Amino acid sequence: MARIVMKFGGTSMAGIERIRHVAGLVKREAESGNQVAVVVSAMAGETDRLIQFCREASSLYDPREYDVVVASGEQVTSGLLAITLQGMGLNAKSYMGWQLPIRTSGHAAALIETIDAGVLERVFDEGGIAVIPGFQGVTDEGDVTTLGRGGSDTSAVALAAAVKADRCDIYTDVDGVYTTDPRIVPRARKLPIITFEEMLELASVGAKVLQTRSVGLAMRERMPIKVLSSFDDRPGTMVVGDEELERYGMERQLVTGIAYDKNEARITLTGLPDRPGTVAAIFSPLAEANVNVDMIVQNVKRAGEKSDLTFTVPTASLAHSVEALQKAREAIGFDEIVTDTNVVKVSAVGVGMRSNAGIAAQMFQALADRGINIIAITTSEIKVSVLIPEEYTELAVRVLHTSYGLDDTGAAG
Ligand code: ASP
Ligand code: MG
């Protein structure tokens, strides 16, 4: 017998037909002898609709009341799933965040502080199935909260950790995690297994399947996640700790996936004085303006000569960044600000890189062979990223996918 938290996303809960299908999956899991708790999202589109109502009511809406409104989407689906399960003869009951309770702090993007496992343990003992609305919690004062967009994934992982589940199964509308975006590379492969760290790197560079926060939490709690589709019966992707790979009989891949992120903008400052404090004078005002700087390249020719500095910021922060830099122009002493939003960050990710030199060199060569110019580079232990002109996105992703041997060759996988 295993203890499993099953989580169903918005598309899986969009309408009674789909909820009935979800109930069938829950029933199957329970009848195979497992203890099951279920976490649900609101119906697809519902949270957007509720947020829109808040905006229409007042552009300066109170976050406490926003939470009251948007938490309702999950309340509806958890009640409907419990009704449906009961109709199938199962002992199911819904429990709102405040009934467990899931204690959180803050509003609109609340953080989970503690979860009391007592109620759920009792339900497990009685052979029941608890259905819990994702996304919602309660403050010490008893106010309803929500965890921020996509927060149901985090609810599910946190609940799984609280009841010491064997696994957290996240059912979504894709059937797993792929080596890259299948819309760009039709020969992308579904990964049977991936590590938390790889998943975090892939998510942070634009491959969104799970909410990033939920993956970080699963990594800290060592909670294995299985990503699978509620729409077909194929095996999904396991997301596990690095040390677990061997237990699952998997080899460490050199490169696990290729991700791309078009949400980057380049800023270049020209004619910078070569003296201590220049770089600090640039990045302090950006930090104060809450801008997340990503890639940084500085180019010093000879000591004492003026130099250029290039870095990237999220596209949405570009205007803020330029404004902050213009204000600090005296202190920094640059000639010109050049910006470019037609850039993309392409990354190769894999835990096998740790013990293998040459992954970066292979990337640069593969891009050079196609005449793709590299504007900036960053690396971490398990990731190499390059910034290139946006028009080369598809070509670069395809070329790298092939170069690292990730293409599906038609064999089972
Ligand atoms: N319903 C919420 C949202 O759309 C939470 C979730 O589904 O994860 O963001
Ligand atoms: Mg989601």
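What you see is a predicted model, and the numbers here were worked out from it, not measured in a lab. Every number for a ligand or one of its atoms is a count from 1 in the order of the listing.
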I need the atoms of ligand 1 closer than 4.0 Å to a non-hydrogen atom of Thr47, numbered in the order shown. 1 (N), 2 (C), 3 (C), 4 (O)

Is the shortest heavy-atom distance from the side chain of Phe231 to the side chain of Asp173 under 4.5 Å? yes

Salt bridge (charged side-chain N to carboxylate O under 4.0 Å, His left out) evaluation trace for Arg354 with Asp242: CA-CA 12 Å; Arg354 278 201 185 111; Asp242 206 351; 2.9 Å; yes

With heavy atoms of Ser41 as the reference, note each atom of ligand 1 found under 4.0 Å away. 6 (C), 7 (O), 8 (O)

Does atom CD of Glu330 have more than 12 heavy-atom neighbours, drawn from other residues, nucleotides or ligands, at distances under 6.0 Å? no

Quick one: does ligand 1 sit under 4.0 Å from the side chain of Glu46, the backbone, both or neither, non-hydrogen atoms only? neither

Look at the aromatic rings of Phe311 and Phe283 and report parallel, tilted or perpendicular, splitting at 30° and 60°. perpendicular

N or O contact, Asp153 vs ligand 1, cut-off under 3.5 Å: no

Give the numbers and elements of all ligand 1 atoms closer than 4.0 Å to a heavy atom of Arg149. 3 (C), 4 (O), 9 (O)

So, regarding Gly150 and ligand 1 (criterion: nitrogen or oxygen to nitrogen or oxygen, under 3.5 Å), is there a contact or not? yes

Compute the minimum heavy-atom distance from Gly151 to ligand 1 and say whether it is under 4.0 Å. yes

Could you check which of Met13, Lys7, Gln211, Glu74 puts a non-hydrogen atom nearest to atom 2 (C) of ligand 1? Glu74

Should the pair Arg3 and Phe124 be classed as cation-pi, given the thresholds of under 6.0 Å to the six-membered ring centre and 45° from the axis? yes

Using a strict threshold of under 4.0 Å (side-chain N to carboxylate O), is an ion pair present between Lys226 and Asp169? no

